Structure formats: C-alpha cells, structure tokens
Amino acid sequence: MNGLKSSDIIKCTVCARECRLQEGQTGACGARKAEQGSVICANYGRITSLALDPIEKKPLARFLLGSRILSCGSYGCNLRCPFCQNYEISMAGETGVPWREISPEELCKMAMSLRPEGNTGVAFTYNEPLISFEFLLDTAKLLHRDGMKAVLVSNGSVSREIAERVIPEIDAMNIDLKCFSEEGYRMLGGDFQQTLDFIEIAADSRTHLELTTLIVPGLNDTEEMMEAEARWIAAMDPEIPLHVTRCFPRYKVSGRPLETGQIRRLAEVASGFLSTVLIGNC
C-alpha cells in the first residue's frame with residue numbers, strides 16, 4: 001500500500017474490479033474518483049456524443065420499432081475489450097476526449113424537443129453508462145415524468161446492488177454478452193458471473209431485454225460456446241432476442257473479420273433454442 005493506512009484507501013463497489021483508490025485517484029473505468037472520503041461519479045453529465053438514432057440501431061428489434069431515440073454517451077468503461085467499437089470515448093478519460101456538461105434536466109428537454117422527429121426518449125450508450133449510474137437514474141426519472149422512455153445499452157458488468165437500483169428505472173435494454181466463459185471475461189477485465197447475474201435480474205423484471213454477442217475470432221466464435229450461451233438464455237426465456245453480430249477489426253485488433261457464413265452458422269445454432277435470433281453487420 002506504499003505506506004498508506006487502510007483508512008486512506010477507498011474501495012469502489014460499482015463493479016467487480018473493486019478499485020482501491022487514494023484521495024483524488026480515478027478508478028480503472030476512468031469515470032469514478034475518490035473525493036472527500038467517498039467514490040463519486042466524476043463524469044456526471046459530461047457528454048461526449050449525442051445523436052438521434054433509429055431505435056433499431058441500439059440494437060433493439062422488439063421495442064418501439066420505427067421510432068427514434070436520442071443517444072448519449074460520456075467517457076470511460078470498466079472493461080478493456082481489445083476489439084472495442086467505440087474506443088475513442090470508452091477508453092478515454094477526463095482529458096482524453098472533448099465533452100460538454102449537460103444536466104439531466106437539459107437532456108430531458110432536448111429529448112422532448114425532438115418528439116416531432118419521432119424521438120421517444122434517451123438511450124444511454126456509446127461508452128459504459130453504468131459507471132455513471134447516478135446520472136442515468138436522475139435522467140430516467142425525469143424522462144418518465146414527461147412520458148418518455150429510458151433505454152440502456154451496456155455490458156451489464158456491475159454489482160447486484162447497482163443492478164437492482166438501475167433496472168427498475170429502465171424501459172428497454174440491450175446487454176452485450178461478450179462471451180460465455182469465465183476465461184474470456186477475465187481476459188476482458190470483467191466478471192462472467194456478475195454479468196450473468198445482471199442479465200438474470202433484468203430477465204425477471206418488467207424491463208424489455210435483448211442481448212448482443214459480437215462475434216470475435218478466438219473469443220466466442222465456436223458453435224459449442226454459442227450453444228451453451230443459447231441454452232442458458234432459453235432457460236430464462238426463449239423469447240429473449242439475441243443479436244449475433246459480426247465484429248470488424250477496431251482498436252487493438254487487426255486483420256479480416258470472420259466470414260459471414262460463420263456468423264450465420266452461429267446464428268443457426270442459437271436458433272435451435274431461441275425464437276428470435278438476428279444477424280448484424282453481415
């Protein structure tokens with residue numbers, strides 16, 4: 001501990017990393033910071049990306065089809081996926097990317113102003129929204145007050161306590177199930193069981209749930225792993241939509257993506273257990 005007393009260390013309990021922080025230090029996610037004896041959300045309301053998207057782009061295939069949603073993101077993530085598709089902001093910290101501060105009230109007003117263009121609410125996405133769950137909760141409550149929807153696109157890698165606080169405030173979510181193995185999640189800096197727990201809590205709630213698996217060569221591209229994943233999802237509810245998506249090389253991954261035929265074969269395996277399997281990026 002470099003000479004520090006245990007009382008000088010503050011533990012963050014948002015995710016399985018449980019970063020042990022000194023005063024003023026930021027956690028591995030780049031967004032949570034030790035300040036005045038507690039861990040705060042340092043990226044609260046710091047928005048790096050805003051876009052009005054089709055709801056299908058989240059991706060959500062069975063929720064308010066044909067509508068649009070105001071998508072927003074900040075910076076930071078608690079995983080370290082070498083294939084990250086949004087690494088410019090998710091792997092950035094406070095000084096690594098431009099941001100502007102937008103309050104929950106302002107974001108809700110923006111969402112309301114876009115109703116004539118088909119907007120139905122706000123999607124928390126692009127980076128990992130759950131590392132700034134306080135901002136998500138504050139905004140979701142205002143959205144619901146005004147009859148709008150709160151959508152979450154996340155890796156689902158947070159503690160049960162955070163899951164039980166957030167999920168009741170979300171109308172629809174897509175959780176990225178990275179792979180179906182403990183070894184794979186360890187490589188990405190996550191906790192396999194914690195993610196499964198999050199998905200199970202969501203499946204048992206009123207929240208509309210969809211899942212995505214981005215198919216990455218060497219991580220999750222075997223038919224055996226896809227069958228194990230699909231069986232597990234079906235045991236909860238075979239009606240949960242699964243998006244099987246082709247990964248294009250980004251961030252630290254180079255080379256060619258898998259052939260579309262392999263993606264389709266994996267989707268066929270999943271379709272043996274699930275009623276809705278969708279193919280993406282093919």
Side-chain angles (χ1 to χ4, degrees), residues 14-15 29-33 35 38-60 62-78 86 89-90 94 97-175 198 201-202 205-210:
V14 167
C15 77
C29 65
R32 303 198 70 81
K33 184 177 182 181
E35 189 171 289
S38 56
V39 179
I40 66 162
C41 175
N43 69 340
Y44 186 99
R46 294 179 174 181
I47 304 302
T48 62
S49 303
L50 274 173
L52 185 62
D53 291 326
I55 196 85
E56 293 85 355
K57 193 177 177 181
K58 294 307 92 193
L60 289 171
R62 297 293 183 268
F63 183 78
L64 299 180
L65 294 186
S67 69
R68 304 176 86 185
I69 193 116
L70 179 61
S71 300
C72 73
S74 183
Y75 56 79
C77 184
N78 56 349
N86 289 322
I89 59 172
S90 64
E94 179 180 11
V97 64
W99 51 266
R100 61 174 171 138
E101 199 159 333
I102 301 176
S103 69
E105 292 79 8
E106 290 169 326
L107 186 56
C108 191
K109 285 179 182 178
M110 287 183 190
M112 292 284 288
S113 73
L114 291 168
R115 269 183 162 168
E117 298 181 46
N119 186 43
T120 55
V122 172
F124 303 89
T125 180
Y126 299 138
N127 73 312
E128 177 46 55
L130 291 175
I131 58 175
S132 47
F133 70 90
E134 298 94 334
F135 180 75
L136 187 159
L137 288 175
D138 291 346
T139 306
K141 289 171 183 175
L142 294 176
L143 290 167
H144 293 150
R145 179 198 65 186
D146 292 333
M148 303 199 82
K149 304 297 186 184
V151 168
L152 173 66
V153 182
S154 168
N155 61 34
S157 295
V158 290
S159 68
R160 177 174 288 271
E161 177 187 358
I162 302 302
E164 290 176 346
R165 290 179 63 183
V166 169
I167 290 170
E169 301 299 330
I170 299 299
D171 298 288
M173 65 175 70
N174 187 302
I175 302 302
F198 186 97
I201 294 168
S205 74
R206 63 161 188 84
T207 303
H208 175 79
L209 172 65
E210 301 191 20

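Note that these values count all heavy atoms, side chains included, but never hydrogens, waters or copies made by symmetry. Not measured: the values here are computed from a predicted model.
Put simply, CG on Leu152 and CD1 on Ile175 are 5.0 Å apart, with the number rounded to the nearest 0.5 Å. To the nearest 0.5 Å, atom OG1 of residue Thr48 and atom CG of residue Asn127 are 6.0 Å apart. The distance from the CG atom of Leu142 to the OG atom of Ser103 is 8.5 Å, given to the nearest 0.5 Å.
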Take Arg100 and Leu50 through the test side chain to side chain contact (heavy atoms under 4.5 Å, CB included) and record every step on the way to the result.
CA-CA 11 Å; Arg100 61 174 171 138; Leu50 274 173; 3.4 Å; yes
Between Glu128 and Val158, does the side chain to side chain contact (heavy atoms under 4.5 Å, CB included) criterion hold? Intermediate values first, please.
CA-CA 10 Å; Glu128 177 46 55; Val158 290; 5.6 Å; no
Check step by step if side chain to side chain contact (heavy atoms under 4.5 Å, CB included) holds for Phe124 and Met173.
CA-CA 9 Å; Phe124 303 89; Met173 65 175 70; over 6 Å; no
Start with the C-alpha gap between Trp99 and Asn43, add the side-chain angles, then the distance that decides, and say whether side chain to side chain contact (heavy atoms under 4.5 Å, CB included) holds.
CA-CA 10 Å; Trp99 51 266; Asn43 69 340; over 6 Å; no
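With respect to Ile69, the side-chain contact (heavy atoms from CB on, under 4.5 Å) criterion is satisfied by exactly one of Val151, Leu114, Leu52: Val151.
Within 6.0 Å of atom NZ in Lys33, 12 or fewer heavy atoms from other residues, nucleotides or ligands are found, so the atom counts as exposed in its surroundings. In the displayed structure, Arg206 atom CZ is contacted under 6.0 Å by more than 12 heavy atoms of other residues, nucleotides or ligands.
For Ser132 (side chain) and Cys41 (main-chain N/O), no donor-acceptor pair under 3.5 Å exists by modelled atom type. Although no hydrogens or angles enter the test, the distance criterion places a donor-acceptor pair under 3.5 Å between the side chain of Glu210 and the main chain of Arg62.
The two residues Gly73 and Tyr126 come nearest to each other via the heavy atoms N-CD1, 3.7 Å. Taking all atoms of both residues into account, the shortest heavy-atom contact from Gly156 to Leu130 is CA-CD1, 4.2 Å. Between Leu65 and Ile55, the shortest heavy-atom distance links the atoms CA-CG2, 4.2 Å.
Looking only at atom types and distance, the side chain of Ser157 has no donor-acceptor partner in the side chain of Asn78 under 3.5 Å away.
Within the 4.5 Å cutoff, the side chain of Leu136 has no heavy atoms near those of the Glu169 side chain.
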